[in-house]
Structure formats: C-alpha cells, structure tokens
Amino acid sequence: MTEDKPAKWKRTGMQMLVGALVGGGVMAAVLAVAGSDLLDAMGPSRVALGAVGLVYAMMAALVGFGLAAPRAGAKLLNVADAEELREERRGMMRSTVTMAALGVALVLLALARGPGFAAGVVPAGVAMGVLLIVFVAGVVASWRWRNDFDELNHQLGLEGCFWAFCLSWVLLTLWGAADFLGWGAVLTPIDVVTTLSAMMLLGAFVAIGRRGMMTR
C-alpha cells in the first residue's frame with residue numbers, strides 16, 4: 001500500500017491538472033462570449049456567482065462524460081476503473097443532474113436583471129423561477145431517494161453539510177463583521193449566495209478528502 005501512494009497521488013495530481021485546464025478553457029470561452037462590457041456591468045459579485053455556477057456545471061459535464069464513456073471516464077475521474085462507473089451509474093447520474101441544475105440556476109441568477117444591473121440578459125422572474133424549481137425538485141428528490149444510499153454515502157452527506165456550514169459561518173461572520181465595522185469589505189446578498197454555494201462544494205471535498213477518498 002505504501003508503494004501505491006505515490007502512484008495514487010500522481011494520478012490525482014494529473015486529474016486535477018486536467019480539470020484545471022478544462023476549467024480554464026471553459027472560463028476563457030465564457031469570458032469571450034460574454035464580452036468585456038457585460039462583465040464590467042456585472043461587477044465582481046455577479047462574476048463570482050457565475051463562476052461558481054460554471055464550476056458546478058463543468059463538474060456535471062465531466063461526470064456525465066465519464067458515465068457516457070466509462071473507459072475514458074475512469075482515467076479522468078477519481079474511480080478505480082470503468083466497472084466502478086457502471087456500478088455507481090445510478091447514483092452518479094443523480095449527482096450529475098443535481099449539479100447541472102444548480103449550476104444553471106446560479107448562472108441565470110448571476111445574469112438576471114436587477115437593481116443596478118439593467119444590462120442583465122435574463123429576466124429576474126425567470127432566474128427566480130428556475131431557482132425555486134431546482135430547490136423544490138431537490139427536496140422532492142431527496143425525500144424519494146432517502147433510502148437509496150448506503151451508510152457511507154449518508155455519512156459523507158452529513159459530514160459535507162457540517163463542513164459547509166462551519167466554513168460558511170466563519171467566512172460570512174468575519175466578512176459581515178468587517179462590513180459592519182466599516183473596514184471596506186462590503187457584504188451583499190449575492191455574496192451570501194455565492195459563499196453558501198461555494199462552501200457547499202468545498203465542504204463535500206473536505207468530507208471525502210478526510211476519508212482518504214481523493215486518492216483512491
């Protein structure tokens with residue numbers, strides 16, 4: 001097992017490098033399509049929210065690719081082999097749909113017209129409607145699938161939520177206090193949405209990383 005560790009870390013590093021390259025390419029393409037005028041009008045907070053949404057969508061696309069092409073996907077994703085992808089297809093497909101839906105909702109919210117952002121390309125009602133649909137569908141799906149996950153996945157979900165809450169609480173508390181004290185760190189509602197969405201994703205990575213599942 002000791003001899004396998006360098007190989008596992010090397011594989012994980014390569015996967016992260018490929019993910020970074022793909023993510024960079026996607027972000028560059030999105031920036032080129034959006035144009036500098038729209039990005040300037042959006043401002044840092046909306047751009048950050050859109051970026052988090054794109055991360056969710058990109059992860060969904062990578063996992064979806066792995067499920068569609070298990071042999072190639074096994075080399076890209078953090079799985080043992082193509083057979084594991086086939087065995088976990090049902091659960092991973094659910095995660096893919098969830099990440100894609102949330103990613104799209106966040107991107108639409110970032111592009112929605114609102115006070116101070118008349119250049120928004122998405123009607124505010126459409127963005128909020130999609131977000132509500134995603135949340136309602138998530139609640140219904142979670143209730144229906146509550147008995148479909150094994151004990152490990154249940155525990156990982158709880159640990160991920162725990163870390164997401166703790167990280168969000170620390171960051172938002174410090175940020176809000178700095179804003180309240182007039183230290184120039186303005187905290188807006190959209191920053192709260194961005195932070196919660198990003199920390200939910202980070203919390204999941206912390207949970208699986210603590211169990212050594214990042215290098216399996």
Side-chain angles (χ1 to χ4, degrees), residues 16-65 95-138 160-161 163-206:
M16 293 177 66
L17 177 61
V18 172
L21 291 175
V22 173
V26 172
M27 288 298 295
V30 171
L31 292 175
V33 172
S36 59
D37 292 340
L38 179 60
L39 294 175
D40 290 340
M42 291 176 65
S45 294
R46 287 181 177 272
V47 170
L49 178 61
V52 172
L54 287 176
V55 170
Y56 274 95
M58 185 182 66
M59 291 181 60
L62 290 175
V63 176
F65 168 78
S95 298
T96 299
V97 173
T98 301
M99 288 189 295
L102 185 55
V104 170
L106 294 178
V107 171
L108 291 179
L109 190 61
L111 296 174
R113 287 191 294 272
F117 186 50
V121 296
V122 178
V126 172
M128 180 57 73
V130 171
L131 187 62
L132 288 174
I133 290 173
V134 170
F135 281 169
V136 171
C161 290
W163 283 106
F165 168 77
C166 290
L167 294 170
S168 297
W169 181 82
V170 171
L171 181 57
L172 290 175
T173 298
L174 293 175
W175 195 347
D179 185 10
F180 174 75
L181 295 173
W183 289 2
V186 179
L187 177 63
T188 65
I190 197 171
D191 293 324
V192 175
V193 176
T194 303
T195 300
L196 293 174
S197 300
M199 292 305 102
M200 185 169 64
L201 189 60
L202 181 58
F205 277 104
V206 172

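Residues passing the side chain to side chain donor-acceptor pair (under 3.5 Å) test with Ser45, sequence neighbours excluded: Asp191. With sequence neighbours left out, Leu132 forms a side-chain contact (heavy atoms from CB on, under 4.5 Å) with Met128.
Here the CG atom belonging to Leu171 is positioned 9.5 Å from the CG atom belonging to Leu196, to the nearest 0.5 angstrom. The structure places CE of Met200 at 3.5 Å from OH of Tyr56, a figure rounded to the nearest 0.5 Å.
Considering every non-hydrogen atom in both Ser168 and Thr195, the closest pair reads OG-O, 4.2 Å.
The shortest side-chain heavy-atom distance between Arg46 and Leu49 does not fall under the 4.5 Å cut-off.
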Could you give the side-chain donor-acceptor pairs of residues 98-122 under 3.5 Å, partners two or more places apart or in another chain?
from, atom 1, to, atom 2, distance (Å)
Thr98, OG1, Arg94, O, 2.9
Arg113, NH1, Gly120, O, 3.2

Distance-only donor-acceptor pairs under 3.5 Å for side chains of residues 174-187, two or more places apart:
from, atom 1, to, atom 2, distance (Å)
Trp175, NE1, Ala185, O, 3.3
Trp175, NE1, Val186, O, 3.2
Asp179, OD2, Leu187, N, 3.0

Derivation of the side-chain contact (heavy atoms from CB on, under 4.5 Å) call for Thr96 and Met59: CA-CA 8 Å; Thr96 299; Met59 291 181 60; over 6 Å; no

